[in-house]
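Within every chain, numbering begins at 1; the chains are lettered A, B, ... in the order of the sequence lines, protein sequences first and strands thereafter. All values below were derived from every heavy atom in this structure, side-chain atoms included, with hydrogens, water molecules and symmetry-related copies excluded.
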Amino acid sequence: MSQGLVQERVTTALLGALNDAREKGQLKTAAWPALSLDAPKRPEWGDLASTVAMSLASSEHKAPHDIAKIIVENLSQREQLFDRVEIVRPGFLNLTVKPALWQEVLREIESQGVRYGRTAIGTGQRVLIEYVSANPTGPLHVGHGRGAAVGQAVVRLLDAVGYDAVGEYYVNDAGRQMKLLGASVYARYQELSGRTVEFPEDGYHGSYITTVAQQLKEELDRVASELTPVELETRCRALAYERLLGLIRDDLQSFGIEIQSWFSEASLLETKAVERALDELKTRDLLFQEDGAWWFRASLYGDEKDRVVKKQDGEYTYLASDIAYHYDKLGRGYDLLIDVFGADHHGYIPRMQAVMQAYGHPKDRLQVVLVQLVKLLRDGVEVKMSKRTGEFITMREVIDEVGADAAKFYFLMRDSRTHLEFDLELAKQRSADNPVYYVQYAHARICSLWRVASARGIARPSAAGTDLTVLTDSDELGLIKKLSSYPELIQSSALAFEPHRVTYYLQQLAALLHTFYNKHRILPPATDQEPEESISAEGLTPERTAARLVLMGAVQQVLRNGLDVLAISAPEHM
RNA sequence: GCGCCCGUAGCUCAGUCGGAUAGAGCAUCAGCCUUCUAAGCUGAGGGUCGCUGGUUCGAUUCCAGCCGGGCGCACCA
């Protein structure tokens, strides 16, 4: 478990005390529980609190309070580390860490810079995150936007904790959806050419289909006389696919989503990978024929029922390609596969985990991140979308209206499993009500500080060369404590695949910064002004200015690192 | 009917490998700009953590059963 600098030292000290106590025979538990250090809710409970004494109570057959006492007696570095060590009521161990230790955090942040918060727990592990994977049959809608933001954030989080993480888009460029796309565009093309045709049942009704048909008309007219209707429809499919996938790529790029790898479903069919994947299942006796179809024995691995992979008509089902796709991913040697799914596909999870097991892997080699629907609001009123008529709010419209940063931040504000309310008016508001700007503004404010400092001839101090012992105010230490918890936050967010925790943290850190900024002066007033009596009258010495600038630099660094994990920009001006 | 997810302040949501008096933002009300960006800050009110049991020294957190909302139960993708 990698933690902040202070947390790590305290944990080590506590572990040392436990081990010493065991050697002396005061304690006997063989394996200590995980030592978690929480920042207590109330300031009088110290900086860090441990519940280890209480969790040891049952295995030690001792009162928690007595265990806590034993731990405290065995704390070897008590004087160097703590100002106060208290045992409270049932058996809380409340620790107040020496300011000098907290101040070290600032040096650590400065020396690590953009690497602060990054850890190595995933080192040597390769993970593939599949996300978006929208059918190339139309533009991306808002829900895809959320999936994209979440997927990319998970990639970046896992990268931050040392995994070799790759984000991949699975393109469903084969099968029924593609045929319907071709037929729909063909029908619109016919209409544009003045012929009345019956629009395909289950076809795509969206107006973008007509748009695509219009764009392709000239090209199609040129070849129309030489091709049969079937060939023409096939041409429609190919051209429309190319165009729509291009749109998707453009949209993702505008949204600031970088897909590292694109994987084509059609390629699986072309290279016979589907056959090979199914043959492998056959070899393992996990496929059987019934009613003229081929079935995968998914029920053997906890799925509700067996699933058809090859239909009576000889066509593969979607699942067949998906089996082949996941078989391919496993074959590429990934230690962990993550699929980002729309929540309406949750029923698919047991099926895919069955696939993992069918190929001899533990089912949790595949983890699924579910992303719930987005409810778009405008001034509190829901913006209705209809999938039936194909008219919905596209991701493009949202980012054009509120900007990519705001959209990403909103998409990442809540646990992805819960419905998200996204108010377009609020998201583009430039006020404190808008959490995106609130966080970005904190960063910009610090940048502004550097500009003013430089204008007043104050050089930016380095943490190493600055006396930080003057940072003893509770607001100053409060900021440092928050900064110190950042590495642990990143790690837990990454391992839980929950980027919303980062968003939340950034809001808290920004709040602390704004409060501090408002309450305490950092730079001395401009020389031509009278000394102020209000906020600046707290003995703002050059030493204090320097130390606070170091603190501000550290806050800026962490804001930037956190925003970077979410792929949101950290502006210097606002 | 079976399965999965959700149910925390008026609203939107954090928090839950069990911990001390449950948090934030919005909204409401009352304040703060001749000062380093007011895109900011301070204060106040606001809660049976869906309900009922169980496990525990201790449950919003774990377990069971209900209630309410969403989604899924295809030889569709």
### Task
Please identify each residue that fulfils ring pair (Phe, Tyr, Trp, His ring centres under 6.0 Å) with A:F263, with sequence neighbours left out.
A:Y325
### Task
Determine the contact category for A:D423: base if any of its heavy atoms lies under 4.0 Å from a base atom, sugar-phosphate if only primed atoms, P, OP1 or OP2 are that close, otherwise nothing.
nothing
### Task
Identify which nucleotide among B:A77, B:A20, B:U37 has an atom closest to any side-chain atom of A:R445, counting heavy atoms from C-beta outward.
B:U37
### Task
Under 4.0 Å between any heavy atoms, over every strand shown, what does A:W45 touch: base, sugar-phosphate, or nothing? Just pick one.
base
### Message
Check whether A:W295 forms a cation-pi arrangement with A:R307 (NZ or CZ under 6.0 Å from the six-membered ring centre, at most 45° off the ring normal).
### Response
no
### Query
Among A:D38, A:D47, A:D475, which one satisfies salt bridge (charged side-chain N to carboxylate O under 4.0 Å, His left out) with A:K481?
A:D47
## Note on the structure
Testing B:C41, B:A20, B:A39 for proximity to the side chain of A:T515, the answer is B:C41
### Query
What does A:R307 touch in the nucleic acid at a heavy-atom separation under 4.0 angstrom: a base, only the sugar-phosphate, or nothing?
nothing
### Query
Can you list the residues that meet the salt bridge (Lys or Arg N to Asp or Glu O under 4.0 Å) rule with A:R451, with sequence neighbours excluded?
none
Please write out the pairs of protein N or O atoms and N or O atoms of nucleotides 59-61 of chain B separated by less than 3.5 Å, giving the distance to one decimal.
none

### Message
Please pick, from B:C75, B:A77, B:C36, the nucleotide with the shortest atom-to-atom distance to any side-chain atom of A:Y348.
### Response
B:A77
### Query
Is the A:F422-A:F411 ring centre distance short of 6.0 angstrom?
yes
### Task
Could you tell me whether A:H345 contacts a base, only the sugar-phosphate backbone, or nothing, with contacts defined as non-hydrogen atoms closer than 4.0 Å?
base
### Task
Compare the minimum distances between each of B:U21, B:U42, B:A74 and the side chain of A:K305, then state the nucleotide with the smallest one.
B:A74
### Message
Of the options B:A20, B:C36, B:A38, whose atoms approach the side-chain atoms of A:F92 most closely?
### Response
B:A20
### Query
Can you name the residues that form a salt bridge (Lys or Arg N to Asp or Glu O under 4.0 Å) with A:D173, not counting sequence neighbours?
none
### Query
Side-chain donor or acceptor of A:H346 under 3.5 Å from a matching atom on the base of B:G3?
yes
### Task
Measure from the side-chain heavy atoms of A:R456 and tell me the nearest of B:G72, B:C36, B:A77.
B:C36
### Query
Counting side-chain heavy atoms from C-beta on, which of B:U37, B:C75, B:U21 comes nearest to A:A293?
B:C75
### Task
Between B:A77, B:A39, B:C36, spot the one nearest the side chain of A:M574, thanks.
B:A39
### Query
When the ring centroid of A:Y486 is compared with that of A:Y505, is the distance short of 6.0 Å?
yes
### Task
Report yes if a donor N or O on one partner sits less than 3.5 Å from an acceptor N or O on the other, where the partners are the side chain of A:N94 and the base of B:A20; otherwise report no.
yes
### Message
Which helical stems does RNA chain B take part in, if a stem means at least 3 consecutive Watson-Crick or G-U pairs with both distances below 3.5 Å?
### Response
B:1-7 with B:67-73, B:10-13 with B:23-26, B:28-32 with B:40-44, B:50-54 with B:62-66
#### Entry: Neighbour count above 12 (heavy atom, 6.0 Å) for A:K363 NZ
no
### Message
Roughly how many Å apart are B:U61 and B:G50, using the P atom of each and rounding to a whole number?
### Response
8 Å
### Message
Classify A:E265 by what it touches in the nucleic acid, base, sugar-phosphate, or nothing, heavy-atom distance under 4.0 Å.
### Response
nothing
Could you go over nucleotides 10-13 of chain B and give all protein N or O partners under 3.5 Å, atom names and distances?
residue	atom	partner	partner atom	Å
B:U12	O2'	A:R414	NH2	3.3
B:C13	OP1	A:H419	O	2.8
B:C13	O2'	A:R414	NH1	2.5

#### Entry: Among B:G15, B:G19, B:C36, the one nearest A:R501 by side-chain distance
B:G15
### Query
Looking for any heavy atom pair under 4.0 Å, which part of the strands does A:Q312 touch: base, sugar-phosphate only, or nothing?
base
## Note on the structure
From the candidates B:U37, B:G19, B:A77, the one with an atom nearest any side-chain atom of A:A444 is B:U37
